[in-house]
2 protein chains.
Amino acid sequence: MAEDQLSRAFTALADPTRRDIVARLSLADATPGQLAEPFAMSLQAVSKHLKVLEEAGLISRSRDAQRRPCHLETAVLDEMTAWVDRYRRNAEERFRRLDAVLAAMDDDMHDDAHDTQHNDEHQQDEDEGVASP
Amino acid sequence: MAEDQLSRAFTALADPTRRDIVARLSLADATPGQLAEPFAMSLQAVSKHLKVLEEAGLISRSRDAQRRPCHLETAVLDEMTAWVDRYRRNAEERFRRLDAVLAAMDDDMHDDAHDTQHNDEHQQDEDEGVASP
DNA sequence: GTTGTTATCAACCAATCGGTTGAGAAAGAG
DNA sequence: CTCTTTCTCAACCGATTGGTTGATAACAAC
């Protein structure tokens, strides 16, 4: 299964039922019973979904008599946007540089034959070590 | 399986191997062979991962002789951050209002007994309709 | 043509996922 | 105490996942 935090978080949000739960918890805390009500599935199934969300760190649960109200935690959501945004920015920065190179080549076409050395596809820093099997 | 775009995208990034591929593609386009090289798994396995990423709309593939260079697409990454950020903001805005209510209650303690009606947990707009089974 | 390289397709397999039902724990109400 | 409500745990089931190996397609090089 998904071993690390980020894998658990993405796995959790990969399910539309769980995304709907997160969407509703963003508006108000709710008990498993309240969360299960609009779905055409058993309370036990929703309970499993909540467990997945909790183990991903996306929600926390307190206690109120028999009830176990669920609360959305935003820290892991932050980590997710940070990850996605980092690589989106990497890519867009790369495209921006490529556009600049193409523009320079276009200039040379109209200008003269300069010795342009365009040097895209260079390596940068890297984290998230090579995935282990 | 994951039927909608967002589910496919989150599912795709739920796997550490695929996240590593995305990370490297954010720096430079690469062929399946180049992408498979650092992994301790077969080229066929990586080819499957690329198929998942492609069907999620996260990468596109062109053609160069036998090679099928992969290119990271940023549009779906944008949709993912948009989704996550929306509900993170919902939650944080809600917490901010709750803090305000608590501060007002604290004021009343020091002030006098006013007829404060604090009205959190109200409903807002909602999309992502109730998930179908 | 044949050979070599690159990548995908197909079939298989163990493990996981998302649901079910049934039993039981935990707490308030009579 | 018993009864009800709320929720979780356990066992089961079919479908999907993530890997494997083997065959094959597509193209370059010879």
Side-chain angles (χ1 to χ4, degrees), chain A residues 1-4 6-22 24-25 29-56 58-71 130-133, chain B residues 1-22 24-25 28-56 58-71 130-133:
Chain A
M1 203 244 234
E3 53 293 310
D4 59 303
L6 219 38
S7 293
R8 278 192 290 264
F10 279 115
T11 299
L13 293 193
D15 185 280
T17 300
R18 289 193 290 260
R19 279 203 307 282
D20 189 82
I21 290 175
V22 166
R24 283 156 60 206
L25 286 178
D29 292 359
T31 67
Q34 294 171 326
L35 291 169
E37 191 268 327
F39 295 122
M41 72 178 74
S42 67
L43 174 64
Q44 291 94 319
V46 172
S47 186
K48 277 196 190 181
H49 283 303
L50 293 174
K51 194 175 183 184
V52 172
L53 289 168
E54 186 177 34
E55 282 170 353
L58 286 165
I59 69 171
S60 60
R61 281 134 132 182
S62 47
R63 188 164 258 298
D64 166 36
Q66 317 101 311
R67 264 140 267 129
R68 304 294 312 280
C70 300
H71 177 84
V130 173
S132 48
Chain B
M1 203 244 236
E3 53 294 309
D4 59 302
Q5 177 88 39
L6 219 39
S7 293
R8 278 190 291 263
F10 279 114
T11 299
L13 293 193
D15 185 280
T17 299
R18 289 192 291 260
R19 279 203 307 283
D20 188 82
I21 289 173
V22 165
R24 283 156 61 206
L25 286 179
D29 292 0
T31 66
Q34 294 171 327
L35 290 169
E37 191 268 326
F39 295 122
M41 70 178 73
S42 67
L43 174 63
Q44 289 96 319
V46 172
S47 186
K48 277 196 191 181
H49 282 303
L50 293 174
K51 194 176 181 183
V52 172
L53 289 168
E54 186 177 33
E55 281 169 355
L58 286 165
I59 70 170
S60 59
R61 281 135 132 182
S62 47
R63 188 164 257 299
D64 168 36
Q66 316 100 311
R67 264 140 267 127
R68 303 294 312 276
C70 300
H71 177 84
V130 173
S132 45

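Naming convention: chains lettered A, B, ... in sequence-line order (proteins, then strands); numbering from 1 in each chain.
- Taking atom CD1 of residue A:Ile21 and atom C1' of nucleotide C:dG18, one finds them 12 Å apart after rounding to whole Å.
- One finds the CG atom of A:Leu50 at 4.5 Å from the SG atom of A:Cys70 (value rounded to the nearest 0.5 Å).
- Contact between the side-chain N/O atoms of A:Arg68 and the OP1/OP2 oxygens of C:dA27 is not found at any separation under 4.0 Å.
- Using a 4.0 Å cut-off, no side-chain N or O of B:Arg63 falls inside it from OP1 or OP2 of C:dA7.
- Atom CG in B:Leu43 sits about 17 Å away from atom P in D:dA25, given to the nearest Å.
- To the nearest angstrom, P of D:dC7 lies 12 Å from CD1 of A:Ile59.
- Sorted by first and then second residue, the salt bridge (Lys or Arg N to Asp or Glu O under 4.0 Å) pairs involving residues 59-70 of chain A (not counting sequence neighbours) are A:Glu54-A:Arg61, A:Asp64-A:Arg67.
- In this structure, the separation between CD1 on A:Ile21 and CZ on A:Phe39 is 4.5 Å, given to the nearest 0.5 Å.
- For B:Ser60, the side-chain hydrogen bond (donor to acceptor under 3.5 Å, both in side chains) criterion is met by B:Glu73, not counting sequence neighbours.
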Just the table, please: protein N/O against nucleotides 1-4 of chain D N/O, every pair under 3.5 Å.
none

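- Counting heavy atoms from C-beta on, the side chains of A:His71 and A:Leu25 never come closer than 4.5 Å.
- Remark: C1' of D:dG19 and CG of B:Asp15 are 11 Å apart, rounded to the nearest angstrom.
- For the atom pair OG1 (B:Thr17) and NE2 (B:His49), the distance works out to 4.5 Å, reported to the nearest 0.5 Å.
- Residues forming a side chain to side chain contact (heavy atoms under 4.5 Å, CB included) with B:Ala12 (at least two apart in sequence, or on another chain): B:Arg18, B:Val52, B:Leu53, B:Ala56, B:Leu58.
- When each of D:dC9, D:dG19, C:dA7 is scored by its nearest atom to the side-chain atoms of A:Lys51, the top-ranked nucleotide is D:dC9.
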Which protein N or O atoms sit under 3.5 Å from an N or O of nucleotides 21-23 of chain C?
| unit_1 | atom_1 | unit_2 | atom_2 | d |
| --- | --- | --- | --- | --- |
| C:dG22 | O6 | A:Gln44 | NE2 | 2.9 |

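- In this structure, B:Leu50 atom CG and C:dT8 atom C1' are separated by 11 Å, rounded to whole Å.
- Along DNA chain C, the nucleotide closest to A:Ala65 and the one closest to A:His49 are compared, and the more 5′ of them pairs with A:His49.
- Looking at the side chain of A:Pro32, the nearest of the listed nucleotides D:dG19, D:dC7, D:dC9 is D:dC7.
- Look at CD on B:Glu54: it is 13 Å from C1' on C:dA7, rounded to the nearest Å.
- Close to C:dA7, at under 4.0 Å from its OP1 or OP2, lies no side-chain N or O of B:Arg61.
- With sequence neighbours excluded, the residues forming a side chain to side chain contact (heavy atoms under 4.5 Å, CB included) with B:Gln34 are B:Ala30, B:Thr31, listed by chain and number.
- Within the structure, a side-chain polar atom (N or O) of B:Ser47 is placed less than 4.0 Å from OP1 or OP2 of C:dT8.
- Residue A:Asp64 contributes atom CG, which lies 13 Å from atom C1' of D:dT5 at whole-angstrom precision.
- Checking A:Arg67 against B:Lys48, the closest nucleotide of DNA chain C that is more toward the 5' end is the one next to B:Lys48.
- With B:Ser47 contributing its side chain and B:Leu43 its backbone, the two residues share no donor-acceptor pair below 3.5 Å.
- At a threshold of 4.0 Å, the pair A:Asp20-A:Arg24 counts as salt-bridged, since one of the basic side-chain nitrogens sits closer than that to a carboxylate oxygen.
- Atom CD in B:Glu55 sits roughly 13 Å away from atom C1' in C:dT8 (whole-Å rounding).
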